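What you see below is based on every heavy atom in this structure, not just the backbone, and it leaves out hydrogens, waters and symmetry mates. Note that the structure is a prediction, hence the values are computed from the model and not measured. In what follows, residues are counted from 1 in the order of the sequence shown.
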Amino acid sequence: PLGMTASFTLDPYGVPGLYAGIQATCSDVAKLVQLYLDGGSWNGRRIVDATYVADSLSPQATGSGPNTQMNGAYGLQWWLNAAAPSVASAGAPQFAPGPMHPALPTDVFWASGACHQLGAGIPGTQQVVVVLRPGCRTPQDAMLAQAVTAPQTTFFTELAAALSRQRG
């Protein structure tokens with residue numbers, strides 16, 4: 001319904017690889033972010049249940065198991081800049097509560113793909129920002145890129161500066 005052209009690489013079991021297996025255009029990513037900014041509707045048509053969208057954009061760290069021992073700023077496939085509490089248990093890494101990027105509004109959400117592919121939504125201004133980078137051709141490239149945080153840091157620093165200029 002969104003007119004997207006994205007394709008998915010399948011794992012050996014035939015399951016789409018959502019972490020490093022989506023081949024999408026900038027327009028595809030922007031449409032997905034816009035769908036969530038619009039509460040799951042596209043051109044007035046309900047595509048995704050509104051309750052699911054709300055849950056997706058709400059912290060989902062609700063337990064003490066290994067998969068929830070992080071800053072609670074993660075929804076359902078979306079990173080959140082929410083002021084979420086830490087749920088780390090004794091002996092687990094401790095993460096600071098609060099926004100991951102304090103200079104950004106706390107309603108900002110984003111998808112972060114392999115090799116620093118980013119699609120962000122800014123509900124307060126109804127803006128979508130997408131950055132796709134070349135050079136990630138193999139799973140090994142994706143793994144190596146995880147160790148380099150500068151591109152993401154630059155993205156969020158520049159996004160905060162641009163929003164600050166808009167507020168003027």
Side-chain angles (χ1 to χ4, degrees), residues 1-82 84 87-88 92-93 95 100-101 104 107-123 126-156 159:
L2 279 61
M4 296 170 69
T5 61
S7 62
F8 300 87
T9 301
L10 302 179
D11 72 11
Y13 303 100
V15 177
L18 296 180
Y19 166 67
I22 301 173
Q23 291 79 46
T25 65
C26 191
S27 178
D28 288 339
V29 175
K31 288 175 181 180
L32 182 61
V33 172
Q34 188 65 54
L35 177 68
Y36 277 72
L37 277 176
D38 291 340
S41 292
W42 186 258
N43 291 330
R45 178 178 169 202
R46 171 70 47 206
I47 306 296
V48 179
D49 181 79
T51 302
Y52 181 82
V53 171
D55 285 347
S56 296
L57 301 179
S58 300
Q60 295 298 313
T62 58
S64 59
N67 63 333
T68 62
Q69 294 177 357
M70 64 173 101
N71 185 312
Y74 193 72
L76 302 174
Q77 300 299 318
W78 295 101
W79 287 101
L80 311 171
N81 203 42
V87 295
F95 293 88
M100 294 172 70
H101 303 283
L104 288 173
D107 63 351
V108 172
F109 64 92
W110 64 94
S112 178
C115 297
H116 309 292
Q117 313 301 327
L118 296 158
I122 308 159
Q126 286 294 299
Q127 291 176 298
V128 173
V129 181
V130 177
V131 174
L132 301 182
R133 300 174 184 275
C136 194
R137 292 187 169 85
T138 67
Q140 292 78 13
D141 290 342
M143 295 307 283
L144 290 171
Q146 291 231 44
V148 181
T149 59
Q152 271 200 9
T153 301
T154 299
F155 172 80
F156 289 111
L159 181 58

Taking every non-hydrogen atom, the tightest pair across Val48 and Leu35: CG2-CD2, 3.8 Å
Using residues 37-44 as the side-chain source, report each donor-acceptor pair under 3.5 Å to any protein atom, sequence neighbours left out, with the distance given to one decimal.
residue: Asp38; atom: OD1; partner: Gln34; partner atom: NE2; Å: 3.1
residue: Asp38; atom: OD2; partner: Gln34; partner atom: NE2; Å: 3.2
residue: Ser41; atom: OG; partner: Arg46; partner atom: NH2; Å: 3.4

Considering all heavy atoms, the nearest Val33-Ala120 contact: CG1-O, 3.4 Å
For Phe156, ring-ring contact (aromatic ring centres under 6.0 Å, His included) partners two or more places apart: His101, Trp110
Minimal non-hydrogen separation, Val108 against Leu104, with atom names: CG2-CB, 4.4 Å
Contact summary for Ala24 and Val29, nearest pair of heavy atoms: CB-CG2, 4.0 Å
Smallest separation among heavy atoms of Gly119 and Trp78, with atom names: O-CZ3, 4.2 Å
Matching residue for Leu159 among Leu118, Thr154, Ile122, Val131 - test: side chain to side chain contact (heavy atoms under 4.5 Å, CB included): Ile122
Contacts of type side-chain hydrogen bond (donor to acceptor under 3.5 Å, both in side chains), residue Thr25, not counting sequence neighbours: Asp28
Phe155 to Val129 - nearest heavy-atom pair and separation: CE1-CG1, 3.7 Å
